[in-house]
Structure formats: C-alpha cells, structure tokens
Amino acid sequence: MVVLSLTQAWLWSNALLSLASALTLPSPNDLPKPKKYELTITWEKGAPDGVERDLFKINGQFPGPVLELTEGDSVEVHVKNKSPFNTTIHYHGIEMMGTPWSDGTPGLVQNHIQPGCDFLYKWKATQHGSYWYHSHTDLQIDDGLFGPIIIHPKPDTPNPYSLVTQDLVALDAIKSAEKHRYPLLLSDWRHTPSSQVWDIAEKSHIDLLCFDSILVNGKGKVDCLTSEQQAPLITRPQQTLLSRVNGSALSDKSCLPPNVLATLAEPGDLTPDPSVIPREIFNGCKATNAPLDVVKVVKSKNCDKEKWIMLDLIATFSMIQAQVSLDEIPLTIIAADGNYIEPKTAHSIPMVSGQRYTVIAKLEKPKKYTLRVSSTAEPQILFGSSVIDFQVEAEQQSPDPSVAYINERGANTTSDVVAFLPAQGKPFQAAPIPQAVDGTYKVVMRQAGATNHWALNTTPRPEYLDDALPLLLNPQPNVRNNYTATIPASQKWVDFIMLQPRSAPAHPVHFHGRHFYVIGQGQGAFNWTSTAQAAAALPGSFNLVNPPLRDTWSSLASQQGDTWLVVRRPNDNPGVWQVHCHIQSHLHGGMSMVLQEGVDALPPIPQEYRDPKCGA
Ligand SMILES: *[C@@H]1O[C@H](CO)[C@@H](O)[C@H](O)[C@H]1NC(C)=O
Ligand SMILES: *[C@@H]1O[C@H](CO)[C@@H](O)[C@H](O)[C@H]1NC(C)=O
Ligand SMILES: *[C@@H]1O[C@H](CO)[C@@H](O)[C@H](O)[C@H]1NC(C)=O
Ligand SMILES: *[C@@H]1O[C@H](CO)[C@@H](O)[C@H](O)[C@H]1NC(C)=O
Ligand SMILES: *[C@@H]1O[C@H](CO)[C@@H](O)[C@H](O)[C@H]1NC(C)=O
Ligand SMILES: [Cu+2]
C-alpha cells in the first residue's frame, strides 16, 4: 500500500484530500505516533551567572528541555503558558512543510497564547540537525524563553563522515558520537529584564545597553576587567568611537559609555539622551564565581577504541556575534543550520544570533578543556566559557589548564589559528540550484529615525499587528506596504536582494519557512535590477554553483558604505512567513517583514487553528 504522509496530505486541496483519504490513507493503526512534548512556561527567580533575577523557565528549567527527534517524526508540542505574559513559540530553522500554522509568529499565523492558556503545535521533522525553539513575542528570548531541538538523521540519510576520515574505527566512533550529541546554547545575558531594558532604550534612544555575562546552557559567571586589562583588548573601531568624546573610556562593565553610543545617531534621528540610563546598566561590575556548564565525556577502557564528540553549537544571542573555540582541539564542522556541509576543520567559528553549527572532534588526552565564547561585537568586551571534562578510565587526568586558541575578543592567540569562514560551508552532495528565478524582491535594511528603531524594508512593521487577526487566516494579497511582500505560487524560485545603506552594524537575517542559498554578498552600491546582471558584472561576488544553504546569515556591516546580500529561495511551501533581523532589539524596533508566499495555494487550515481555544 502507498502510504501518503500527513505532510503531503495537508498540501493537497480539500477535494483531492478526500479522494486521497478514500484511496490511500493508511488505517489509523498504521500511522506513526507523533512524538509528544509538553512545555510549561513559568516566570520565576533564577541566578544563571550568580546574580538573581526574574526569568522564564520551561518545565522548571532554564534553558528549556531538549526536543530530541528523528528525521521523519511527527511532533506535537503542547505549550502551557503559566507565566504572566503573552507568548508564542517558534521553531527556529524548522521549515514547517505543510504546517504554516505551527510557525509561532504572532499576528502572522496565530494570536498570542495568553496567560493561563495553551496551544498545540503540530509539525513534521522533515530535516535533521540542530535547531532551537524560542519565544517570538517581544524580547522574551532575552529573558530565557528558549530551548534546543536535536533531530537525528534517519539511518539511510547520506552523511559526510567519510570525508572526515576513512578509518573504520574513527567512523564507528563518530557514529556513536552522533547518537549522544551535546547541544550547547550560547547566550548573552543581562541582569535586567528585557521589558525594562526596552523602556530604557525607548527613553534614551540608545539600544546598545550592556550585557552582564555570556552563558553556555544557562550557566556562566560575571567577569570584570580593570582598565589595565581592558586596554590591550580595545579594538581599533572601538578606539575610533571612544575618540569621538574627549576623555571617554570603557565603563567598568567594559562597554562603550552612553555618551559615546549617543554619537551613533544620524542627522534627523531622535536625539539620544544618555542621562536617563540608570548607572547600573553600564557600571558597577561585580564578579561572580558561579558554576560553569560541564560536559563530562568518559572513554571506557574496553569498549571505546577512539573517543569522538559531537557538539551542536546553537547561538541564542540577543545581540552579539561571537567567535567560538574549544582549547587545544580543532573542530570539524559538518553541518550549518542543520544542513550537512563538506566538512571543514578550524580552531574557531564565528556565530551570529540564530545560527547553528554541528561540529565533531577527536579527544585524546584526558583533561578539562575550556570552550570559549568571545564576543566580536564593538560595544562591549564580553566573553564566557564552559568545560568539556574528558576522562579516560584508569588514566590520570592532566591537571594543566587548557591553552586557548582565541582571546577575550575572539582574536587568534597564535598565527597558526584558523577561523572558519561561513562562505566556505558548501552543502554536502549539493543538488544544482536553479540558475534563473521567477521573481526578484529588493528590500532595504535601515535605521528608522532613532538608533533603536529599525526597518527591514524601509518602513518598520508596526507592533500592533502582532495582535491583529493572523494573516494566515485572512491573507491580504492586495495589500501594498513596505513590510509585506506577496509572492504568488507561480513564482517557484525567488531572489531577495537585501540592501544596507550607510552606517549600520551587520544584521543576522533570518527567514522563516524554507532555508535559502546565499548566492552573493558585497560592498558598494547595488546598481542592478537583477541578480543575473550583478553576477555578470561581479562574478567574484557570486556563487551559483554550491552556495551555502542557511536559515540565518549575517549581512555585512555598512559603516564604510553600502553593502548588499542576495539570497535565493524556493517558494514551494505556501504560508505566511516572517523575515527579520535576529538581533532582538532590532526585531522589536521594527526590523521585520512578512512574506505572503503562495497564499493563492494555501493548504486547508485545520479548524483547530482557525478557532483556537484558550485551553487546548
Ligand atoms: C577634544 O580635545 C581636542 C584636543 O585634545 C580638542 O581640539 C577638541 O576641541 C576637543 N573636543 C571636544 C568636543 O571637547
Ligand atoms: C593572528 O593571525 C594573524 C594572521 O595569521 C597573524 O598575523 C597574527 O600575528 C596572529 N596573532 C597572534 C597574536 O599571533
Ligand atoms: C495579549 O494578547 C492578546 C491577544 O493577541 C491581546 O489582545 C493583548 O493586548 C495582549 N496583551 C498584551 C499585554 O500585550
Ligand atoms: C516605502 O518605501 C519607499 C522607498 O522604498 C518610500 O519612498 C515610501 O515612503 C515608503 N512607504 C511608506 C508608507 O513609508
Ligand atoms: C553605482 O552607481 C553609482 C552612481 O551611479 C556609481 O557612482 C558607482 O560607481 C556604481 N557602482 C558600481 C559598483 O558600479
Ligand atoms: Cu539587525
């Protein structure tokens, strides 16, 4: 019997669906059982870096529990909101094939899950690799509302391990590492809840408020540097900014001070007012010695011939970008945003908010190895770490501290240190990408009238739309505004040309729904109307053969002039999808737009999503 998957069924029209059910749907007994999770959200006290504050917990823990799935699984996530805030849960990087209603975006596909209410998300794990779930409401990621998703590949999914080694013992050890992989969630953390931080940003029109620590899996400590320790770590761009204000210096939290940040406002912007920022946001650093995250890896004497580990690095950053490195151990990157790549070995990896890398490494000498996360963002010197505690049965562990490849700014400590370049992440067994597209959309990423207001396409998306009737239930194909693009189902492949005019930081651009190919990126004005013209003029800036396949990618900073990014994406998954900057304050400041994709060919929306009840 032909088994029609649920996903396929959802994609069919009503009429075909009933025909299909009559002919080919398996009996209920044959259907695979969905993998069910219950996530109960609460707002409680916690002290991730040794300083107590209010934060979100999920099932009593921060970060939330791992959703551990296998490619092909049907998944049901029952979210119970026992916090005092509206919320929604988004599954970052999950393409939601045929289930746009479970994407978790307020005002796009659902309304907020209000305090005391429930919501049942249903989707299918059509991919494998590392992902994460997180709130898509307000700045709740900054308050800890997230957790990891690991999707194991099906046994017959081709993998790139034989490009790492041909040795059968090593391959066996890698396969066993794959079964016991470790998610590592990397976050920048503040002692002040996000709603207060946003209020301060709104009053001061300064959005680069200090962080207090970096956490790995919700654990970290506060480090304070003296001005003597800061001095050698000050980067040249930071020095340039400091020199704008006579006599200014980094604050004791190692941040550019508010009066320097105020100089980032451009003519016409609302005037920043540093005086309304409470002193403790930038000053009053108090070091803590809270416990770090420890991954204990034990090599047993008899059964392990070699020990490999697989780590899923997940950047849950609110704002920063960082360099990630494991002391003394080169990392072999095998997947980017869940997609296998041709493996590349490096000593450090740059990550921006939302991105994931799956890495493997061979451990030999028993030792405690430090995993370092060092911010490379200008506003602050910020770094954190965790520990890989490697023990070998019946062997003495080396007491020596591990030797770092990178410093507190993510810079190499010796000239031998190699950093991974994301553009080198070529898909493993890449299928050819189409050389022409059916539609081209130009969007302008810009600051919108204040240093904390942003737009993804010229005009910020107003926040009140989060509480409107979800567009998925009421598509508006004729709407004309700058923050909505309507892409008819007839356009099978589409290019997005993302333009970034003068003076802005790099933005981690994230598309919901299907992943995209990063086909071009460069500096200077983008004078062309299509990718084909641009690629003909600047062949060195484009890759139409084996471009990276991602769901989150950093634009180039534009402090030295305009930059641009071109991504190519299939339009084969009808829905209402958000595109936005993953920096939480930029998203909340309006840097977001909506794609109504194939809304002329939407799958029938199940009644439970048309008419959600408070308690599911
Ligand atoms: C900063 O100091 C320089 C000399 O050291 C002086 O020329 C300049 O006017 C000062 N700028 C301000 C804004 O005080
Ligand atoms: C870092 O690498 C660069 C390029 O290889 C090299 O010039 C520089 O000296 C290195 N830094 C240190 C501290 O070794
Ligand atoms: C919570 O969500 C509901 C439904 O979208 C909305 O009406 C209400 O205004 C929201 N409350 C807050 C405080 O945002
Ligand atoms: C939309 O963007 C264009 C420029 O791309 C701008 O001229 C126009 O004013 C914007 N529309 C609105 C309503 O802001
Ligand atoms: C784009 O056009 C501007 C103005 O017409 C011109 O100054 C610039 O050199 C052009 N850039 C490229 C890369 O062709
Ligand atoms: Cu941004």
Side-chain angles (χ1 to χ4, degrees), residues 43 81 83-88 104-117 119 135-141 194-195 198 201 207-208 232-233 235 264 317-321 323 325 346-348 352-354 374 377-379 403-419 421 443-448 451-457 460-471 473 498 500-501 503-510 552-559 563 565 579-593 612-614:
W43 180 248
N81 182 8
S83 86
F85 306 104
N86 279 348
T87 196
T88 57
T105 45
L108 275 67
V109 306
Q110 70 169 101
N111 281 122
H112 283 121
I113 313 169
Q114 295 184 48
C117 291
F119 196 91
S135 163
H136 223 287
T137 294
D138 297 337
L139 296 138
Q140 292 174 350
I141 288 180
S194 69
S195 59
W198 180 252
D207 79 345
L208 298 170
L233 297 172
T235 59
L264 295 171
F317 303 134
S318 165
M319 200 279 288
I320 65 163
Q321 61 219 41
Q323 212 65 29
S325 176
H347 303 104
S348 82
V352 300
S353 174
S374 299
E378 282 325 322
V403 180
Y405 286 135
I406 60 168
N407 72 3
E408 293 82 350
R409 294 314 305 266
N412 51 312
T413 51
T414 71
S415 55
D416 305 331
V417 170
V418 175
L421 299 176
V443 302
V444 177
M445 303 190 284
R446 63 184 276 267
Q447 215 140 19
T451 65
N452 68 321
H453 292 174
W454 297 87
L456 198 115
N457 191 17
R461 178 174 172 270
E463 215 194 338
Y464 70 84
L465 291 175
D466 284 2
D467 292 310
L469 176 64
L471 268 182
L473 304 183
M498 327 280 295
Q500 188 166 324
S503 208
H507 299 288
V509 176
H510 173 50
T552 312
W553 187 263
S554 184
S555 72
L556 296 173
S558 56
Q559 278 94 355
T563 67
L565 165 67
V579 186
H580 62 89
C581 175
H582 219 278
I583 291 178
Q584 292 303 294
S585 60
H586 294 190
L587 168 60
H588 200 59
M591 200 166 202
S592 158
M593 69 181 286
K613 305 210 170 26
C614 170

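Just so you know, residue 1 is the first one in the sequence shown, and it goes up from there. Counting starts at 1 for both ligands and their atoms, in listed order.
With respect to atom 4 (C) of ligand 3, the closest heavy atom belonging to the protein is Q114 NE2, 3.3 Å. Protein heavy atom nearest atom 1 (C) of ligand 3, with residue, atom name and distance: N86 ND2, 1.5 Å. Given atom 2 (O) of ligand 2, the protein heavy atom at minimum distance is N412 ND2, 2.1 Å. If you check which protein heavy atom lies closest to atom 5 (O) of ligand 3, you get D467 OD1, 2.7 Å.
Taking 4.5 Å as the limit, every side-chain heavy atom of V579 sits out of range of all side-chain heavy atoms of V443. Annotation: side chain of P84 is in contact with side chain of W43 (closest heavy-atom distance under 4.5 Å). For the pair L456/M498, a side-chain contact is recorded, criterion being any heavy-atom separation below 4.5 Å from C-beta on. Looking at C581 and P508, their side chains come closer than 4.5 Å, going by heavy atoms from C-beta outward. Residues W454 and I583 are not in side-chain contact: their nearest non-hydrogen atoms beyond the backbone lie 4.5 Å or more apart.
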Does the pair L587 and H510 meet the rule for a side chain to side chain contact (heavy atoms under 4.5 Å, CB included), with working shown? CA-CA 11 Å; L587 168 60; H510 173 50; over 6 Å; no
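Using a 4.0 Å cut-off between heavy atoms, T413 contacts ligand 2 through its backbone alone, with no side-chain atom that close.
Of the options H507, Q584, H586, H582, a side chain to side chain donor-acceptor pair (under 3.5 Å) to S353 is made by H582 and by none of the others. Checked against H112 for a side chain to side chain donor-acceptor pair (under 3.5 Å), the options N81, D138, D466, D467 give a single hit: D467.
Using a 3.5 Å distance cut-off with no hydrogens or angles, the side chains of Q140 and S194 do not pair a donor with an acceptor.
The S415 neighbourhood of ligand 2 comprises atoms 2 (O), 5 (O), 10 (C), 14 (O), with distances under 4.0 Å to a heavy atom of that residue.
Distance screen at 4.0 Å: atom 7 (O) of ligand 2 has no protein heavy-atom neighbour inside the cut-off.
The distance cut-off of 2.8 Å around the Cu ion (ligand 6) captures these protein N, O or S atoms, sorted by chain and number: H507 ND1, C581 SG, H586 ND1.
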